[in-house]
Enquirer: 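Structure in structure tokens, see below.
We name chains A, B, ... by the order of the sequence lines, and we start the count at 1 in each one.
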Number of protein chains: 2
Amino acid sequence: MQSLISHIQQYCPIGKTALKSLAGALQKVELPKGAFLTTEGKTCNHVYFLEQGCLRGFYNLDGKDITYWFAFENNFVTSFFSFISRKPGVENIQLLEDCTLWAISYDELQHLYAKHTDIERLGRIMHERYYVMLEERFVANHFKEARERYENLATATPHILQRVPLGYIASYLGITQETLSRIRSKT
Amino acid sequence: MQSLISHIQQYCPIGKTALKSLAGALQKVELPKGAFLTTEGKTCNHVYFLEQGCLRGFYNLDGKDITYWFAFENNFVTSFFSFISRKPGVENIQLLEDCTLWAISYDELQHLYAKHTDIERLGRIMHERYYVMLEERFVANHFKEARERYENLATATPHILQRVPLGYIASYLGITQETLSRIRSKT
DNA sequence: TTTCTATTTTGACTTATGTCAAAATTATTG
DNA sequence: CAATAATTTTGACATAAGTCAAAATAGAAA
């Protein structure tokens with residue numbers, strides 16, 4: 001849990017009382033590679049802090065899996081649309097490695113928001129941060145060619161290439177596996 | 001200002017005191033078509049509520065303007081990356097019509113966050129909302145063909161087609177103006 | 001209206017990327 | 001280590017979308 005605490009303190013100072021409540025609400029979850037945190041059609045009731053391992057979010061388009069994000073250590077993950085809107089989502093979240101996570105339920109989180117201003121603030125700041133990350137990624141991909149998107153990825157987050165099968169990376173980049181393979185061979 | 005108040009009450013109830021502070025911090029801004037709210041290289045110090053009119057966010061890529069969002073009535077707009085991170089941004093925000101906006105500065109907003117829990121909550125909820133909207137758009141564009149992206153746009157937000165020049169819409173969709181024109185002629 | 005400007009469409013051609021199928025390579029596990 | 005499964009690469013070909021240039025149309029201003 002220490003990794004979670006230092007992660008959040010990095011963005012927003014949290015008082016001792018709030019921290020204690022937060023710690024009390026968290027549940028340690030350990031799952032094997034291949035397991036799912038949520039699947040299409042379900043309402044996602046938890047947000048997770050990923051302490052160890054990596055995972056992907058994907059959805060189904062015309063029978064194909066489209067991976068649209070990866071998460072690695074020290075990040076919060078959930079099916080945001082579903083978690084926030086309280087409606088069934090279209091996303092699947094699947095572990096790409098054995099993972100250690102800390103889970104907090106929607107109700108507990110709302111309770112913490114109501115009780116601790118520090119945590120409400122943390123929630124806001126985390127959402128700002130995630131919004132900006134998504135926007136940066138959006139801009140990084142918009143109107144660029146596949147080769148350039150791949151090179152950006154390889155430079156910015158080379159660890160993805162080590163830990164994730166190429167097929168998932170291709171769909172993340174919005175291209176087919178064959179095209180990605182060809183891009184890589186001509187480097 | 002009534003439109004702003006009813007907009008936010010829709011998502012989160014705000015107490016009278018907080019509402020009064022908020023109203024006091026807002027400044028009415030009226031600008032003509034073509035004006036800019038922020039430009040590349042500047043740190044954006046305000047968030048705006050768009051009461052009337054429409055505008056676009058764009059950035060420069062290899063000398064070309066890339067429009068990546070539009071905003072219409074009853075939405076908050078700013079250069080989020082710059083506003084949140086307090087660093088110079090790459091975005092330009094330009095009015096596509098004469099607009100009426102309500103502005104609040106970064107410092108005033110932080111002050112309101114610190115003073116009113118309601119407003120901190122509003123901030124969090126708005127950021128959740130904007131995150132989900134961005135994510136939905138991301139998913140809507142990912143891995144689909146240009147014609148399909150255009151048809152989604154025409155169905156979901158037909159008013160864009162009435163109010164925005166085609167060239168901007170093309171770059172928003174990630175295609176050239178010529179391709180968009182051909183898609184439209186074959187409908 | 002007429003003129004001038006901005007926007008949109010069309011044409012000819014090039015290029016990037018997709019599709020389908022098969023081969024090669026790399027991991028996994030009995 | 002051998003056998004099986006998963007992943008990655010390669011080939012041949014089809015197609016969506018880009019580029020550059022010019023024409024057509026619509027809008028704004030005189």
Enquirer: Anything under 30° is parallel, anything over 60° is perpendicular, the rest tilted; go ahead and classify B:F80 against B:Y130.
Expert: tilted
Enquirer: I need the CZ-P distance between A:R184 and C:dT25, as an integer number of Å.
Expert: 15 Å
Enquirer: How many Å lie between CD on A:Q177 and C1' on C:dC20, as a whole number?
Expert: 14 Å
Enquirer: Could you state the CG-C1' distance from B:L173 to D:dG18, rounded to the nearest angstrom?
Expert: 15 Å
Enquirer: Answer yes or no for A:R129 and A:Y131: cation-pi contact, defined as NZ/CZ to six-membered ring centre under 6.0 Å and angle to ring axis within 45°.
Expert: no
Enquirer: Side chain of A:L166 only, heavy atoms from C-beta on: which candidate in D:dA21, D:dT8, C:dG18 is closest?
Expert: D:dT8
Enquirer: If you check every side-chain atom of B:R182, which of C:dT9, D:dG11, C:dT10 has the closest atom?
Expert: C:dT10
Enquirer: Map A:E178 and A:A146 onto DNA chain C by nearest heavy atom, then report which one ends up closer to the 5' terminus.
Expert: A:A146
Enquirer: Please work out whether the ring planes of B:H7 and B:Y11 are parallel, tilted or perpendicular, with thresholds of 30° and 60°.
Expert: perpendicular
Enquirer: Using whole Å, report how far CZ of A:R163 lies from C1' of C:dA27.
Expert: 18 Å
Enquirer: Just compare D:dT10, C:dT28, D:dT8 and give me whichever is closest to any side-chain atom of A:K33.
Expert: C:dT28
Enquirer: From D:dT10, D:dG18, C:dT17, pick the nucleotide closest to the side chain of A:E145?
Expert: C:dT17
Enquirer: Quickly work out the A:R147 CZ to C:dG18 P distance and round it to whole Å.
Expert: 14 Å
Enquirer: B:T176 has a side chain; which of C:dT9, D:dT10, D:dT19 sits nearest to it?
Expert: D:dT19
Enquirer: As a test of reading the structure: which of C:dA21, C:dT9, D:dG18 is closest to the side chain of B:S181, going by heavy atoms?
Expert: C:dT9
Enquirer: Would you name the heavy atoms of B:R121 and B:C12 that are closest together and state the gap between them?
Expert: CG-SG, 3.6 Å
Enquirer: Go through D:dT9, D:dG18, D:dT7 for me and flag the one nearest to the B:T179 side chain.
Expert: D:dG18
Enquirer: Rounded to whole Å, how long is the line connecting atom CG of B:L180 with atom P of D:dA17?
Expert: 11 Å
Enquirer: For A:Y68 and B:E135, which heavy atoms make the closest approach, and how far apart are they?
Expert: OH-OE2, 3.8 Å
Enquirer: Between atom CD1 in B:I183 and atom C1' in D:dA17, what is the gap in whole Å?
Expert: 9 Å
Enquirer: When the distance from NZ of A:K64 to C1' of C:dT19 is rounded to whole Å, what number comes out?
Expert: 9 Å
